[in-house]
Structures are given as C-alpha cells and as structure tokens.
Amino acid sequence: MRPHKLLPMNIIERIQHGVVDAVKTLYGADITPESITMNSTRKEFEGDYTVVVFPYAKVARKKPEQIGEEVGAQLVEQVAEISGYNVIKGFLNLSVSDDFWVQFLDRIAGQDNYGRQAPNGQKVMVEFSSPNTNKPLHLGHIRNILLGWSTAQILEAAGYEVVKVQVVNDRGIAICKSMLAWQRFGEGATPASTGTKGDHFVGEYYVRFEQEFQKEYDAWQASTAGQQALQQFLADEKAVKKAEKALAEARKKAKNEAARQGETYTEEAHTLERYFFKNIYKNTYFNEYSELGQAAKAMLLKWEAGDEEVMQLWKQMNAWVYEGFDETYDKLGVSFDKLYFESDTYLLGRDAVKQGLEKGVFYEKEDGSVWIDLTDAKLDHKLVLRKDGTSVYITQDIGTAQERYKDFGVDKMVYVVADEQDYHFQVLFETLRRLGAPYADGLFHLSYGMVDLPTGKMKSREGTVVDADDLIAEVVAEAKNNAEERDTLSDLNAEAQQEIMRQVGLAALKFFIIKVQPQKRMTFDPKESVDMQGQTGPYVQNAYVRIQSVLRKAGEQDLSAASAYKKLETAERDLIAQLYAFPALIAEAAEAYDPSSVANFSYDLAKSYHRFYHDYSILNAETKAAKAFRIKLSKAVAHSLKLALELLGIEVPSRM
RNA sequence: GGUCCCGUAGCUCAGCUGGAUAGAGCGGCGGACUUCUAAUCCGCAGGUCGUAGGUUCGAGCCCUACCGGGAUCACCA
C-alpha cells in the first residue's frame, strides 16, 4: 500500500494541478486550474471524476483521445490517489483508489461536525417572515419562513455567525381596521372567550371590517354621490380609454382562467362601471367619503399621537396576535434572535437622509421634498422624504439597516422578501451604498416567487388563501394516517407517536417547498405536499431511520476491521463520493443563498443509500471487514443526512 | 410602453463555471417482502429543453429578436 499522508489540497484540486502539470510538460502550454472542466463521471462510465480534454486539442495539436491517454497516464504516475483511467472521445475518466476512499471514510467517521466549516469570523443577519399583525400567517409566509430559516442554518454551517431577525409590521392602517371592527362589533370578545387562536381572532375582525366597508361602499355606489363620481369618470375620455384597455386585459385573463377551471365566464362581472368602482375609485372613496374609512384613519392619527385608549387597544390586539404567531413558529420549529417592530423603527432614517443631503447623496426639490437620483445606476429618481418631512417606506428601511448595524455590526444582511419587491431592494441597496454603509457589499435580497395553487393565484378576497395552521395540521394528520396503516410505532406511547408524526408531516411540507429554487414561482398542490413517497422529506428521513434500525440491531461494534476492506462496490464508492462532496456543496449553497441545492443533495444521498441498502446486506455481509466497513459507512451517511435535513429545518426521527 | 423574473416528459421539479445518449419524483403499466423498517427497490412507456437566428470543436445553459406566464414602474407598505 502506498503511504497516504494528509494533503492540504482536496482530491479535485490535486487532479486539477496534475492536469496543469501534465499539459505543461507534455505540450508546453500554461493553463490555470480553474479553467479545467471537471465533473463527476456519469454513471454509465467507469471512474469517479472526468476531465474534459477537448480544449487542449489546439495547443497539443493532437486528437482528443490521444491527449486523454497521455494526460491520464501521467496523472496515474503523478497523483497518488488516482488508480486508473479510461478515455472516451474527449473525456478522461479517472478512478480514485479504493484506498483513498476507505481512508477518507475513516477520517470523517470520528468527526461529529463533518460538513460544518470552522467559524470564518464573519457575521450575517437574515431577515425573514416579517408579517403584518392584522391577520394570520399563510402559505406565502411559510415559503418565506422556510427559506429564511434554512438559509440561516446553511450560513451557520458555512462558518458564519448568524443573527435571525424579523421586522414586525405592527402599525398602520391595517391593524387599525381590525381594532376598529373589534371596537364596534366585538362586544368584548377575546380569543379566550371564543376559543380562537389569537392571530385568527384578530384576522376575523380585519375581514369583518372589509365586509362592512364593502356593504357601505355598495350602498354608496347606488347613491347620487356615487353615480356622480361615476359620471365624472365617464366624462373623462382619457381616463376611460386607459381603463378600457386595462379592463380588456382583465377580461381576457378572467376568460382564460374560467376556461381552465371549467367555469363559466360572465361579462357582467367585468363592466366598466364595476371596474371603476373596484379598481379606480375604491381608495378615493375610503379616504374621502367612507365613514368607516374616516374612523380608521382617525384611529391611526390617535395612535400616532399616543392616545392612551387607542394604544391600549393596539397593545392588546397585537399581544393576541403574537401569541398566535408564536404558536405557529413553534410548530414550524423556527425562532428569532431579535424582533424589530415597525412601531419603533418607522421614524428612523430621517437623520440619515439629512446627513446624506449634506454629503450630496440626496437632493432637495423646491417644494422641500428630498430625492435620490439613481438614473446613472439604471434606476430612477426616488423620493426619500415627503415635503412635510415625513418618511416613506424606504426611509424607514434605510434607518433600520443602520440601526441593525449599530446593534450587531454585521458584515452581511440578507432580506428574505418576495420578488414583488425586487425593485425596492435595488433602490435600497444602491442608496445604502451611496451613503457609504460599510456592509453595502454584503447586502442581498433573497427574492422568491409567489406560491400558486393548482386552481390559480391565492386571493384573500376570494378566500383561497391557504392558512398556515390548517396546512400544518393537515400534513401531520396525513402522516398519522400513513403511520397507522403501517403500524410500526404501536409499541410507543401516544406522545412519542405524536412527536414522530409531527416530524414526518412537517418534513413532507418543508421539503416540498424548499426543494424548489427560490426565484421560481411554485405551484403548491396540497395533495402532493402530503406525499411521503418518492422525492419527499419522509423519503430522506426514511433512509436515516433505516440506518438507525440497523445500528440498533448491530449493537456495540468494534469497527477497526473496516480498514481491511479493500475492494469497494460501486454503490459504496458512490456514497462516499457524495459524502466527500457535501462540505463544498454547503459552501456553494451559502454563497448562492440557495437551500434548494441542499434539499436535492439530501434526496440524492438518500436515494443512493436506499439502493445500497436494498442490494447489499450490512449485518450479514460476507466478511467481517465488509460488515464493519458498511456499518461505518452507514453511520457516516446517517450523519450527513441528519445534517442536510437540519439545514432545511427538518428533524430526523430514529423510527417512523 | 420601460425594466426584472420564469418557460425542460401528462403533472411537480433537477440539470454545477458551456461538455458524453437531457435526469428524478408523481401519475400509467409490469415485477420484488419467511431475510437489516416495502414511507423501499427494479423494469417499461413518456422530450422539436417556448420559437427563430447567432457565437462555439461543442448550447437546456452564452448573445439577439420574438411568443407565452408573472412582477414592477406610488409622496402604499
């Protein structure tokens, strides 16, 4: 056996350097290691890694096949870990020695933290969830929360110190609507008195407000004032033309939608009059005529003035909501290091604007409003302070970013926010950059696509929004059905069973959502989300559970015989190679802020293990060495499966 | 109209900095449990990678145009 010393470079880098040397000595050409195209060898060919040698045909002035032969021969000679090669067309397939893999497995077998990088001294903040406090969490929040949590875990594994935060949108007209409705129609009811979860309780009053407002608005539309508003609009040719264009598009969409759903499309639902009242005039009505609108606005003013009664009501309602949110977060298994409340931060940022104005980052218009000119960054002019000196959304975000930097001194900030705010974050980041924020280069908007249902978009107005709590209950119930059919847990007490079903059900839901790349819009089919077979969370958990079962049966084992195992099966090499690639994959996932790649990795690893498990016996392996080796390998696979799922926020049961 | 994102099998999705015959799962069909958990495994069927050009030894991936879906272009948040 060739002595193997631990080398600083990994096998991939060693191959690359070997190729650089070979090309230099054989053909006298200089290439860089990064320029080499290297892949894992495809299953149908022999080998572990493949180097593409087409690009060297020019400098070598030889056929790709010949280059492959020459480089391959030299690599076997020069790189100790390469045991053989074969060439097909321009592809040089390299085999890594079994020795190397066996020793690698031996090395990681003792590492409790394999896959996790040492701290890199950098600190990153991840903001996610950030709900409004006027209604409960829904499916969209779940995607956000899972992405945020998972990204935070991945960054931590990659060596960052991570601070998880959210901005709670606890103020504004929305919560005032809930407050007002409760005041008028609540008759002193509480979550406790009605047996309702706090966030749902408050959400009901928000809905109630909207219903009452709609009633009021409908009546007004028929009134003289309403008809006058309509006539006035109809007289404005330009406005009508514009509306008709938009209306035509809306009709087209509605028709397509109806056709897709097999429903009938009615023209009456899309008249110009309806369009006017629904899409053009509603805000004006709310702000200028609506009694309820006036009352809600008055309440907001009182809140801003610190009116005691309003403040008390506000605190009460938000407290109910937080109680509900906490329950949902608990069920999802997520937590935060710090909460920022909009009621505290909404006035921030004005000082920053003043300083920026002095530095010339912003400019003032004649009316006193303050703007930033981002046209040279291919963006537009953007208002940062109204003429009356009050702030807008982005002002607050500028202030909040600075506040956070003061609080934690982070190097990076990741905002997990849906892609409808892409433009906002471009503007925000560019503005912070110009203000000279030291963390400017570390700003990242983790933008994700909306979640659609098989029936189309979620629309709160049409009641098609999928509630987070309902969804969680559903997947856990489905896990329970599955478990009962299987009857593998009947010797456990009810509590232990329930815990496993919770873990399995949530695994199905979480994996289903995280496996899709963030930037893609995703279709959420409730039926598929509770699937537990195939490419699912429970499938990955099951691989782990099978290993635990084997390990239980194996009992305490002396695994030293494993090093005598000399000839690896293909399935075993596959598994070890995947384990080998794991740390780099985590690093890439962290760099790209992409949890979906970790989900895919976990699935691939589980799949390889399931196949291995099916094809080879572990406890009844042909030799002592094979048995010890396979137990060792299984343990290492279990460790990486567990870590991978942990990075996705998925727990692993030891039975299921 | 300007800008951005997406378009891969019936459905849901992978496809790493361009590399071999484009891969999984679900659904369909057919097999494998007296043997370590069958929430598993194996086989079959299923594709003009939205369309048309271009760059390249080589394009699902890069460039251009177009088509389809979505978002955004507020002194809303």
Side-chain angles (χ1 to χ4, degrees), chain A residues 34-42 44-45 50 52 54-55 57-58 64 88-91 93 132 169 171-174 253 256 283 342 346 367 369 371 378-380 382-388 390-394 396-397 418-424 426 447 449-450 452 454 457 479 482-483 485-486 488 504 508 512 515-517 519-525 527-529 531-543 545-554 584-585 588 592 596-597 599-600 603-604 606-607 610-611 613-621 630 634 655-656:
Chain A
E34 303 77 46
S35 72
I36 297 167
T37 306
M38 251 184 87
N39 301 325
S40 297
T41 302
R42 299 176 66 125
E44 57 266 41
F45 303 109
T50 297
V52 182
F54 284 108
K58 258 182 209 154
I88 298 168
K89 292 194 277 186
F91 300 95
N93 300 321
N132 290 317
N169 299 299
R171 64 167 285 279
I173 195 72
K253 266 185 206 168
N256 288 342
N283 266 338
E342 211 196 27
Y346 81 111
D367 65 0
S369 60
W371 298 69
K378 288 186 185 162
L379 300 166
D380 210 337
K382 175 78 189 174
L383 176 102
V384 292
L385 220 51
R386 295 191 184 100
K387 64 182 174 193
D388 62 3
T390 57
S391 17
V392 289
Y393 183 47
I394 199 157
Q396 186 189 139
D397 269 351
D419 62 9
E420 58 192 351
Q421 294 199 38
D422 283 355
Y423 183 76
H424 169 75
Q426 280 186 36
S447 167
M450 294 288 176
D452 291 323
K457 280 188 178 186
N482 272 283
E485 271 174 40
R486 234 180 309 276
T488 51
V504 173
F512 185 74
K515 73 175 182 185
V516 180
Q517 289 175 346
Q519 74 270 22
K520 294 202 181 180
R521 233 183 144 80
M522 68 172 291
T523 308
F524 183 90
D525 187 336
K527 281 204 295 287
E528 284 179 23
S529 72
D531 275 351
M532 310 211 168
Q533 287 161 11
Q535 196 178 44
T536 67
Y539 174 96
V540 182
Q541 285 177 320
N542 187 234
V545 163
R546 286 178 130 184
I547 295 171
Q548 297 314 305
S549 180
V550 169
L551 294 179
R552 273 195 300 273
K553 289 236 162 63
L585 180 118
E588 282 164 27
S596 72
S597 60
N600 284 312
Y603 172 72
D604 288 339
K607 188 176 162 69
H610 277 308
R611 187 204 285 256
Y613 179 92
H614 178 268
D615 289 348
Y616 299 94
S617 183
I618 297 162
L619 298 179
N620 295 315
R630 286 176 188 164
S634 297
R655 296 176 49 178
M656 64 192 279

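Reminder, nothing fancy here: chain letters follow the sequence lines and each chain counts from 1.
- The gap from the P atom of B:rC4 to that of B:rU21 amounts to 35 Å, rounded to the nearest Å.
- Among the heavy atoms of the strands lying under 4.0 Å from A:Thr50 is at least one base atom, whether or not backbone atoms are also near.
- Note: A:Phe54 and A:Phe91 have perpendicular aromatic rings, judged against thresholds of 30 and 60 degrees for the angle between ring planes.
- Between A:Met532 and A:Tyr539 there is no side-chain heavy-atom pair separated by less than 4.5 Å.
- At a threshold of 4.0 angstrom between heavy atoms, the contacts of A:Asp397 with the nucleic acid are absent.
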Quiz item: Where do A:Leu385 and A:Thr390 land on the side chain to side chain contact (heavy atoms under 4.5 Å, CB included) test, with the steps shown first?
Solution: CA-CA 6 Å; A:Leu385 220 51; A:Thr390 57; over 6 Å; no
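- At the heavy-atom level, A:Tyr393 lies under 4.0 Å from base atoms of the strands shown.
- Remark: the separation of the C1' atoms in B:rA52 and B:rA71 is 26 Å, to the nearest Å.
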Pairs under 3.5 angstrom, nitrogen or oxygen only, protein versus nucleotides 64-68 of chain B, please.
none

Quiz item: Does the pair A:Thr523 and A:Asp452 meet the rule for a side chain to side chain donor-acceptor pair (under 3.5 Å), with working shown?
Solution: CA-CA 5 Å; A:Thr523 308; A:Asp452 291 323; 5.3 Å; no
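- For A:Arg546 and A:Thr41, each mapped to the nucleotide of RNA chain B holding its nearest heavy atom, the one lying further toward the 5' end belongs to A:Thr41.
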What's touching nucleotides 56-62 of chain B from the protein side, N or O pairs under 3.5 Å?
none

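- The interatomic distance linking A:Asp380 (CG) with B:rG1 (C1') rounds to 14 Å, in whole Å.
- Under the 4.5 Å side-chain criterion, counting only non-hydrogen atoms from C-beta, A:Val516 is not in contact with A:Ser596.
- A side-chain N or O of A:Asp422 and one of A:Ser447 form a donor-acceptor pair less than 3.5 Å apart.
- A:Arg611 comes within 4.0 angstrom of sugar-phosphate atoms only, judged by non-hydrogen atoms across all strands, and of no base.
- No N or O donor and acceptor, one from the side chain of A:Asn542 and one from the base of B:rA38, sit under 3.5 Å apart.
- Base orientation of B:rC33: syn, the glycosidic angle falling within 90° of 0.
- Considering only heavy atoms from C-beta on, A:Asp419 stays 4.5 Å or farther from A:Arg521 through its side chain.
- Separating the C1' atom of B:rA32 from that of B:rG68 is a span of 45 Å, rounded to the nearest Å.
- Of all the heavy atoms in A:Tyr616 and A:Arg630, the pair that sits closest is CD2-NH2, 3.7 Å.
- Note: CG (A:Leu379) to P (B:rG2) measures 17 Å, nearest angstrom.
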Pairwise N/O distances under 3.5 Å, protein to nucleotides 9-18 of chain B:
| unit_1 | atom_1 | unit_2 | atom_2 | d |
| --- | --- | --- | --- | --- |
| B:rC13 | OP1 | A:Thr523 | N | 2.8 |
| B:rA14 | OP1 | A:Gln517 | N | 2.7 |
| B:rA14 | OP2 | A:Lys520 | NZ | 3.0 |
| B:rG15 | OP1 | A:Gln517 | NE2 | 3.3 |
| B:rG15 | OP2 | A:Gln517 | NE2 | 2.5 |
| B:rU17 | O4 | A:Met38 | O | 3.4 |

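- One interatomic measurement links the two molecules: OH of A:Tyr423 to P of B:rA74, which rounds to 8 Å at whole-angstrom precision.
- In this structure, A:Tyr423 and A:Leu379 have side chains that are in contact, with non-hydrogen atoms separated by less than 4.5 Å.
- Rounded to whole Å, the separation between the P atoms of B:rC26 and B:rU17 comes to 28 Å.
- Checked against side chain to side chain donor-acceptor pair (under 3.5 Å), A:Ser634 has the following partners two or more places apart in sequence or in another chain: A:Tyr609.
- Picking from B:rC41, B:rU40, B:rC36 the nucleotide with the shortest atom distance to the side chain of A:Lys607 gives B:rC41.
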Quiz item: Under the side chain to side chain donor-acceptor pair (under 3.5 Å) criterion, do A:Asp531 and A:Thr536 qualify, and how do the steps go?
Solution: CA-CA 7 Å; A:Asp531 275 351; A:Thr536 67; over 6 Å; no
Review item, nucleotides 30-34 of chain B N/O atoms under 3.5 Å of protein N/O:
none

Self-check item: Intermediate values then yes/no, side chain to side chain contact (heavy atoms under 4.5 Å, CB included), A:Gln548 and A:Arg655
Solution: CA-CA 8 Å; A:Gln548 297 314 305; A:Arg655 296 176 49 178; over 6 Å; no
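- A gap of 12 Å separates the P atoms of B:rA14 and B:rA9, to the nearest Å.
- B:rC6 sits 12 Å from B:rC63 when the P atoms are compared, rounded to a whole Å.
- Across all non-hydrogen atoms, the minimal contact from A:Asn93 to A:Thr50 is OD1-OG1, 2.7 Å.
- Using a 4.0 Å heavy-atom criterion, one finds that A:Lys527 contacts no nucleic acid atom at all.
- A 4.5 Å side-chain heavy-atom check between A:Ser529 and A:Phe524 finds at least one atom pair inside the cut-off.
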Quiz item: Using Watson-Crick and G-U wobble pairs with both distances under 3.5 Å, what is the 5'-to-3' dot-bracket string of RNA chain B, with [ ] for crossing pairs and | for pairs outside the strand?
Solution: (((((((..((((.....[...)))).(((((.......))))).....(((((..]....))))))))))))....
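- A donor-acceptor contact under 3.5 Å is not formed by the side chain of A:Arg42 with the base of B:rA20.
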Quiz prompt | Worked verdict on A:Phe512 versus A:Met522 for side chain to side chain contact (heavy atoms under 4.5 Å, CB included) | solution = CA-CA 10 Å; A:Phe512 185 74; A:Met522 68 172 291; 4.3 Å; yes
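- Nearest to the side-chain atoms of A:Arg386 among the listed nucleotides B:rC75, B:rC41, B:rA20 stands B:rC75.
- The closest side-chain heavy-atom distance from A:Pro538 to A:Met656 is below 4.5 Å.
- Looking at heavy atoms from C-beta onward, A:Val504 lies in side-chain contact with A:Gln541 at the 4.5 angstrom threshold.
- Between A:Arg546 and A:His614, every side-chain heavy-atom pair lies at or beyond the 4.5 Å cut-off.
- Going from the C1' atom of B:rG31 to that of B:rA20 covers 31 Å, rounded to whole Å.
- Among the protein residues, A:Lys378 comes within range of no part of the nucleic acid, since none of its heavy atoms lies under 4.0 Å from any strand.
- Comparing the P positions of B:rG28 and B:rU64 gives an interatomic distance of 44 Å, to the nearest angstrom.
- Rounding to whole angstrom units, OH of residue A:Tyr613 and P of B:rU40 are separated by 13 Å.
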Exercise. Please lay out, stage by stage, how A:Gln535 and A:Lys515 fare under the test side chain to side chain contact (heavy atoms under 4.5 Å, CB included).
Key: CA-CA 9 Å; A:Gln535 196 178 44; A:Lys515 73 175 182 185; 3.8 Å; yes
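- Using a 4.0 Å heavy-atom cutoff across all strands shown, A:Tyr603 reaches sugar-phosphate atoms only and no base atom.
- Among the nucleotides B:rA71, B:rA20, B:rA39, the one closest to any side-chain atom of A:Lys457 is B:rA71.
- Residue A:Asp419 contributes atom CG, which lies 10 Å from atom P of B:rC6 at whole-angstrom precision.
- Contact annotation: A:Lys253 does not reach the phosphate of B:rG69 (side-chain N/O to OP1 or OP2, under 4.0 Å).
- Using a 4.0 Å heavy-atom cutoff across all strands shown, A:Glu342 reaches sugar-phosphate atoms only and no base atom.
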